[in-house]
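Report on one structure; see the data block that follows.
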Amino acid sequence: MSVTVAKSAGFCFGVNRAVELVEQAAKAGGIVLTLGPIIHNRHAVEHFSKMGVRVIAAPEEAPPGSTVIIRSHGVTKAVQEALERRDVTIIDATCPFVKRIHAIVSQAEQDGWLPVIIGTRSHPEVEGIAGWCSRCEIFENLQELQDWAEKKRIPADLPICMVSQTTSTEILWKLCGDFAKKQFTRLRIFDTICRATEYRQSEAAKLSSVCQAMVVVGDIHSSNTGRLAMICREHCGKVVLVDNASELSQAFFRGVSDVGITAGASTPAWIIKEVNKTMSEIVNAEAVQEETFAELLKQGIKTLNTGDKVTGVVTGIGNTEIQVDLGAKHAGYIPYDEVSADPSVKPEDVLKVGDEIEVFVVRVNDQEGTVQLSRKKLEGMKVWDDMAALCESRETVEATITEENKGGLVANYKGVRVFIPASQSGVAKGGDMAGLVGKPAKIKITEVNRARRRVIGSIRAVLAEERRAKQEKIWSEIQEGSKYHGVVKSLTSYGAFVDIGGVDGMVHVSQLSWNRIKNPAEVVKVGDEIDVYVISFDPEKRKISLGYRTDETNPWAVFLKNYQVGDMVDAKIVKLMSFGAFAEIIPGVDGLIHISQLSDRRVNKPEDVVSEGQTVTVKITDIDTEGKRISLSIRAVMEESAE
């Protein structure tokens, strides 16, 4: 029987993040509490309980000084505010995708739109979302939505903002969306189904359509796991939902040749592995029971062929070779130089009598009744199997960059030479790739050619994946007023584009400085690290408007904070007019020296006594705060000096 485990089985991004936050808090010490079960899986909750993490039902149960973790499903605004009023440390483990829905419904209500949620009313995630607005409608299926709209005669022009529970099915969401588009003229639809959930459900549908039986692993109370089981039953007649490996029965697999395994987003990896291992043991036990006497006899006198992979037991370690019992008529041996690919390894250090090992058949000698074996060749084959598996799974691994050549970089991963083309190095064209040599790098295996013994990898693919993850995080959390530390990526005539962590926003030229500037290059340059804040954003168009200038840097505010009427200051003449001269007190703030205040004698023309660029001492005689005007006097300075 073949067993296929879905690639998407197990923790999603949000759950994995929540679990890591709990583990970090537990290791830090102190009283650690989770507000409700951190995820929908009792095994994970029991695991954390052993680490000293306790579950509470309400903020009031948290003692002062404790650390309280908000679960991945999120909580209502009222619960969060109640928690903030207590003397506790709060760690918000709410899934970023759920957090985004909170912001959507809250803003929709402020804008006068009615939030409509498609999801299960009793689910903690939906309860939390509903708690971020004072009024909303929740529908678990299309029929409920239709009855509400048609039987209650809801006006077609009612402003509707529609969101979905992250674990809802794509089919239900599409049906509800299609109906709403026909029913309402003022409609905003936000597709808030988690893409990881969508992929997991899609993979479960495909796997269940080609397997004779499906095992769905997860907590029976998990909405995510329940939907997976439902999807599998639509395509496969034999489906079982188990909480752990102990719930598997031998009878379920009888007469089945291929089985698929999928798991909910809250199912720990160790449970999935345990289920897979138990299934293998059940199948093997059943196979042994069904073996005939003839088959057992055939096993006892099995023959060996060159190229076979066989399992044997070490029976002796000599001076030049290792003796291996293969359970056949041939005596097996491994020459010392075939024990390991690493020449520094001593056979006696890695093998001992009684060890069960897998080996490769190099040569069979029927006349002498011996078979030469190799452990080294099998290790090499497994390495290539591993490379092929990494290429298929697109898993990120860490390798060491060993050299640079004209085509790119060379990395070493578990003794295998991996070529990274220059275009996949993550270094800009013409950049310094040599700086990576000798350093570890995260890569993805993109191509494996066994025949040519060639492996190609990519650093760029890892960077792109990390950038996408950062982008999703920013878009799930972004709000007006949010502050970011970014890097200036490019300049245009109308502003500067700033990378705020995977997403580019634009600072318009008018938001770069309080002073009038003609070009952004007068304030910033490419590569500068600057602090910016969000003025506005459009998630659908993926546009963000940023601000750089702040009230603290407003020249007028700086002037009012540091100067007052009566102060003597040095100012620079910046412009001459027929009625006087303008002098700069600080950059961005000018004051007027009226012609009558330029000297203690009559002046016909300002240029008779001052010139542009000249620095003069003046007295501040008046400040018009509303009009932002300042009156200055040289004459007053001269009169005070004469006294």
Side-chain angles (χ1 to χ4, degrees), residues 92 96-97 99-104 106-108 110-111 188 190 426-432 460 463-563 572 574-575 582 584-590 625-628:
D92 193 350
F97 298 110
K99 201 79 173 173
R100 174 175 174 257
I101 307 176
H102 292 175
I104 290 172
S106 177
Q107 187 61 51
Q110 290 180 38
D111 295 343
R188 292 178 182 171
F190 291 88
V427 178
K429 190 174 182 180
D432 180 24
R460 181 181 175 184
L463 297 176
E465 185 175 86
E466 291 176 347
R467 186 176 178 85
R468 281 193 297 272
K470 289 178 181 178
Q471 289 174 343
E472 290 302 323
K473 186 176 187 298
I474 286 178
W475 283 111
S476 67
E477 298 176 347
I478 194 168
Q479 294 181 4
E480 290 184 9
S482 296
K483 296 179 179 179
Y484 295 95
H485 185 72
V487 179
V488 178
K489 303 298 288 185
S490 63
L491 302 178
T492 67
S493 60
Y494 51 87
F497 285 90
V498 180
D499 181 351
I500 57 174
V503 177
D504 288 348
M506 193 197 76
V507 184
H508 191 267
V509 66
S510 62
Q511 293 295 326
L512 279 170
S513 173
W514 289 99
N515 300 326
R516 287 188 178 182
I517 59 173
K518 294 180 179 179
N519 193 302
E522 295 176 38
V523 181
V524 294
K525 63 180 182 296
V526 173
D528 280 355
E529 293 186 15
I530 61 174
D531 292 317
V532 293
Y533 59 93
V534 177
I535 297 174
S536 64
F537 62 94
D538 187 334
E540 294 181 2
K541 294 182 179 179
R542 296 271 162 157
K543 290 185 177 180
I544 303 174
S545 294
L546 301 171
Y548 176 55
R549 67 179 195 181
T550 62
D551 290 338
E552 291 79 13
T553 60
N554 185 339
W556 182 254
V558 173
F559 170 81
L560 292 178
K561 182 179 179 181
N562 296 288
Y563 299 91
K572 183 172 71 174
V574 292
K575 193 172 185 180
F582 286 96
E584 182 186 74
I585 304 170
I586 61 174
V589 178
D590 297 341
T625 306
E626 291 185 5
K628 293 185 178 180

*Considering residues at least two apart in sequence or located in another chain, which fulfil the salt bridge (Lys or Arg N to Asp or Glu O under 4.0 Å) criterion with Arg188?*
Asp111
*Supply the atom-to-atom distance Lys572 NZ to Phe582 CZ, rounded to the nearest 0.5 angstrom.*
16.0 Å
_I'd like to know whether CD of Glu540 has more than 12 heavy-atom contacts from other residues, nucleotides or ligands below 6.0 angstrom._
no
*Assess whether side-chain contact (heavy atoms from CB on, under 4.5 Å) is satisfied between Leu491 and Val526, documenting all intermediate values.*
CA-CA 7 Å; Leu491 302 178; Val526 173; 4.3 Å; yes
_So, taking the atom named NZ in Lys518 and the one named OG in Ser493, what distance separates them when rounded to the nearest 0.5 Å?_
14.0 Å
*For Glu477 and Lys473, run salt bridge (charged side-chain N to carboxylate O under 4.0 Å, His left out): C-alpha distance rounded to whole Å, both residues' side-chain angles, the deciding distance at 0.1 Å, then the answer.*
CA-CA 6 Å; Glu477 298 176 347; Lys473 186 176 187 298; 3.2 Å; yes
*Taking all non-hydrogen atoms of both residues, which atom of Ile474 and which atom of Gly501 are closest, and how far apart?*
CD1-O, 3.3 Å
*Excluding sequence neighbours, so at least two apart, what forms side chain to side chain contact (heavy atoms under 4.5 Å, CB included) with Val589?*
Pro555, Trp556, Phe559, Ile586, Ile630
*asked:* Which residue is it: Ile530, Leu512, Val498? I am looking for the one with a side chain to side chain contact (heavy atoms under 4.5 Å, CB included) to Leu546.
replied: Val498
*Could you tell me which non-hydrogen atom of Ser513 sits nearest to which non-hydrogen atom of Val523, and how far apart they are?*
CB-CG2, 3.9 Å
*Is the shortest heavy-atom distance from the side chain of Gln110 to the side chain of Ser106 under 4.5 Å?*
yes
*Taking C-beta and beyond as the side chain, do Glu480 and Phe537 meet within less than 4.5 Å on heavy atoms?*
yes
*Determine the minimum heavy-atom distance between Trp475 and Arg542, stating which atoms define it.*
CD1-NH1, 2.9 Å
*Kindly state each residue pair satisfying salt bridge (charged side-chain N to carboxylate O under 4.0 Å, His left out) with at least one member in residues 484-513, sequence neighbours excluded.*
Arg467-Asp499, Arg467-Asp504
*Step by step, would you call Lys99 with Asp92 a salt bridge (charged side-chain N to carboxylate O under 4.0 Å, His left out)?*
CA-CA 10 Å; Lys99 201 79 173 173; Asp92 193 350; 2.5 Å; yes
*asked:* How long is the straight-line distance from CD of Glu472 back to CZ of Arg100, given to the nearest 0.5 Å?
replied: 8.0 Å
*Got a donor-acceptor contact below 3.5 angstrom from the Asp528 side chain to the Val524 backbone?*
no
*Measure the CD1-CD distance between Ile500 and Gln471 for me, rounded to the nearest 0.5 Å.*
10.0 Å
*asked:* Tell me whether Asn519 contacts the main-chain N or O of Glu522 through its side chain, where contact means a donor paired with an acceptor under 3.5 Å.
replied: no
*Apply side-chain contact (heavy atoms from CB on, under 4.5 Å) to the pair Asp531 and Tyr484, showing each step before the final yes or no.*
CA-CA 6 Å; Asp531 292 317; Tyr484 295 95; over 6 Å; no
*Ser482 side-chain N/O to Ile478 backbone N/O, donor-acceptor pair under 3.5 Å*: no
*From His508 atom NE2 to Ile535 atom CD1, the distance as rounded to the nearest 0.5 Å*: 10.0 Å
*Is the closest side-chain heavy-atom distance between Tyr548 and Gln511 below 4.5 Å?*
no
*Does the side chain of Val503 reach to within under 4.5 Å of the side chain of Ile544, using non-hydrogen atoms?*
yes
